[in-house]
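Labels below follow one simple rule: chain letters A, B, ... track the order of the sequence lines, proteins then strands, and each chain is numbered from 1.
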Amino acid sequence: MTVSIYNTKSGKKEVFSPLEKGHIKLYVCGITAYDFCHIGHARSTLVFDMIVNYLRYKGYKVTYVRNFTDIDDKIIKRAREQHTTTEELANRFIDAFHEDMKSLGNTPPTLEPKATENIPEIIKMIEDLIANGFAYAVDGDVYYKVANFDEYGKLSRRNLDDMMAGARISINEQKQNPMDFALWKSSKPGEPVWDSPWGGGRPGWHIECSAMSRKYLGDSFDIHGGGKDLIFPHHENEIAQSEAASGKPFAATWIHHGFVTIKDEKMSKSLGNFLTIREILEKYPAEVLRFFVFSTHYRTPLDFSETAMKDAEAGLDRLNTCLAEISQLPKEGNPDQKSAAGKKNITKITSLTERFVKAMDNDFNSAQAMGHIFDAVKALNTIKQALPASPAESDLTLLHSGAKTIRELAAIMGLLKKDPLLYIKEKQDKIISRLDITEAEIDNLLQERNKAREQKNWARADEIRDQLLCHNVEIKDSSEGTTWQVKI
RNA sequence: GGCGGCGUAGCCAAGUGGCUAAGGCAGUGGUCUGCAAAACCAUUAUUCAUCGGUUCAAAUCCGAUCGCCGCCUCCA
């Protein structure tokens, strides 16, 4: 009935209930817009898309905010390299991001605020922090004073002393404590600049999320999410800022998803081992990527490989094949015919929704939920295979309603959205277009083969079949004649 | 060094105290076929990194060991 979510803050799975009945407020840290997004970013958006879809499926109203960081050091550096403005650069990659989201088939968030459009709110929050004794200004910069926030480290489960011992902190004379972090940075000549009580400058990275979540969701809200790498320092600092400014608890539940890895190493800009979303979508349909992402639990690392994508594609084909074949079955059955369905298989189909929901309620276990879908597919296939020439009314009803349920549930993950017959046809067409043989040539060869088969010249018939197979054309002999399809 | 996580069949991946250790891919066997292919069905872990411990009962809890990964610096 209720959803349980693993909360980073407590380190445990907790039964979830929103602060405001029936209405969930969710803030997710979005991208810094200075480059194309890679599949690690894709996983993030996909995971939260699935979570939001599921919560809405459960009947909640969900306000989903995902920000853009459109001003920071990396953007300034990249804009300079490209001889453009930070604004142009950021907008260009925000547009690219929106294109990627559309290609992936994600539902847009309720709001997508940008840091630069919320400067007054950011300044107000810094003023609050100074007034409350949690921040100090030095020569046009403003820093957060971590020593004054007793609970600093509560999210990432570390304490100031341990972090100091880690000692990979750059020395900054202006800071009272090396762990203090910038809320406002004074601008150097040529850098973008906004007026503030401390002089011209720009916001630090962490403060924008505190200011925007407060503006759009309030001081306290339900869920805050992002990648595991954001736990420290970004989210730790957000808590410190927001709670020190408001005196109220910040996000109740923290969701952090795992990384995408390549050969078991984190995909990252610095390692240069990343693949962009558009590179992947050139090779694979979006649903294949979605299938791949959701076949692993969101907190587990996800290792990207060609093999994994091929497996995902094969799995998706299996689902679509099943649904396509059922869709071609008649709607009306024979009321006098005996049912061909076994009790066990009927239960597998009728209990699908219940099992799916149970899996998803358990910390959005999409991998298990998909397992249940496949379980139902097997049952549908078994029944379908056992169907007599004039199938029973009850069997057809069961198959059609089972297929409908599968598509409804899969839609939560953004899967099986396309008509399955169309999916298969498009896939074939795409491959035919790349084929090194024309349809006319195929037809000619098939005619020749049919003649050979009539004469029982099996050697020649097999020879032609092998010849076509070399071109990836598979043929299928049946009582109604020979058909062909492209090997997929 | 501090903190966190992971190690389940050939590969991927659920399961976190007790019914037969989900599901997918690949493989093998079968149905079908002139033989095939496709599709479908069946089948594939006495065992969950290793070693101890707790318990009537552990993949699941505790401890140790080995291996891998992440955060502590920009990062989804």
- Message: Can you tell me if A:Phe259 is stacked onto the base of B:G70, using a 5.5 Å centroid cut-off and an angle below 30°?
- Response: no
- Do A:Glu448 and A:Lys451 meet the salt-bridge criterion of a basic N to acidic O distance under 4.0 Å? no
- Is the closest basic N to carboxylate O distance between A:Lys425 and A:Asp429 below 4.0 Å? yes
- Can you tell me how far P in B:G67 sits from the matching atom in B:C56, rounded to whole Å? 35 Å
- Pick base, sugar-phosphate or nothing for A:Gly40, based on heavy-atom distances below 4.0 Å to the nucleic acid. base
- Item | Touch class at under 4.0 angstrom, heavy-atom based, for A:Arg449 against every strand present | base
- Who is the Watson-Crick or G-U wobble partner of B:G10, with both distances under 3.5 Å? B:C25
- Not counting sequence neighbours, list each pair that qualifies as a ring pair (Phe, Tyr, Trp, His ring centres under 6.0 Å) and has a residue in residues 297-317 of chain A. A:Phe292-A:Phe304
- Query: When all nucleic acid strands are considered with a 4.0 Å heavy-atom cut-off, which category describes A:Ser156: base, sugar-phosphate, or nothing?
  - Reply: sugar-phosphate
- Task: Mind checking A:Thr300 for me? I need base, sugar-phosphate or nothing, with any heavy atom below 4.0 Å counting as a touch.
- Result: sugar-phosphate
- Task: Mind checking A:Asp264 for me? I need base, sugar-phosphate or nothing, with any heavy atom below 4.0 Å counting as a touch.
- Result: sugar-phosphate
- Task: Would you classify A:Arg157 as touching base, sugar-phosphate or nothing, given that sugar-phosphate means primed atoms plus P, OP1 and OP2, and contacts are heavy atoms under 4.0 Å?
- Result: sugar-phosphate
- Describe the nucleic acid contact of A:Gly30 in one word from base, sugar-phosphate, nothing, applying a heavy-atom distance below 4.0 Å. sugar-phosphate
- Message: Strictly by Watson-Crick or wobble contacts shorter than 3.5 Å, is anything paired with B:U50, and which nucleotide is it?
- Response: B:A64
- Message: Any base atoms under 4.0 Å from A:His257, or only sugar-phosphate, or nothing? Heavy atoms, all strands.
- Response: base
- Give A:Lys74 one of three labels, base, sugar-phosphate or nothing, depending on what nucleic acid heavy atoms sit under 4.0 Å from its own. sugar-phosphate
- Is the phosphate of B:G34, meaning OP1 or OP2, less than 4.0 Å from a side-chain N or O of A:Arg453? no
- So what does A:Ala314 hit on the nucleic acid, given a heavy-atom distance under 4.0 Å: a base, only sugar-phosphate, or nothing? sugar-phosphate
- Message: Looking at A:Glu81, I'd like to know if its CD atom is crowded, meaning that more than 12 non-hydrogen atoms belonging to other residues, nucleotides or ligands lie closer than 6.0 Å.
- Response: yes
- Query: With a non-hydrogen cut-off below 4.0 angstrom, is A:Asp477 in contact with a base, only sugar-phosphate, or nothing?
  - Reply: base
- Rounded to whole angstroms, how far apart are CG on A:Asn365 and P on B:A14? 7 Å
- Task: Could you give the distance separating B:A59 and B:U16 at their P atoms, to the nearest angstrom?
- Result: 14 Å
- Message: If only side-chain N and O atoms count, and only distance matters, is there a donor-acceptor pair under 3.5 Å linking A:Arg158 with A:Ser156?
- Response: yes
- Item | Closest listed nucleotide, where the reference is the side chain of A:Phe374 and the choices are B:A36, B:G23, B:G15 | B:G23
- Hey, does A:Ile475 reach any base, or is it just sugar-phosphate, or nothing, if we go heavy atoms under 4.0 Å? base
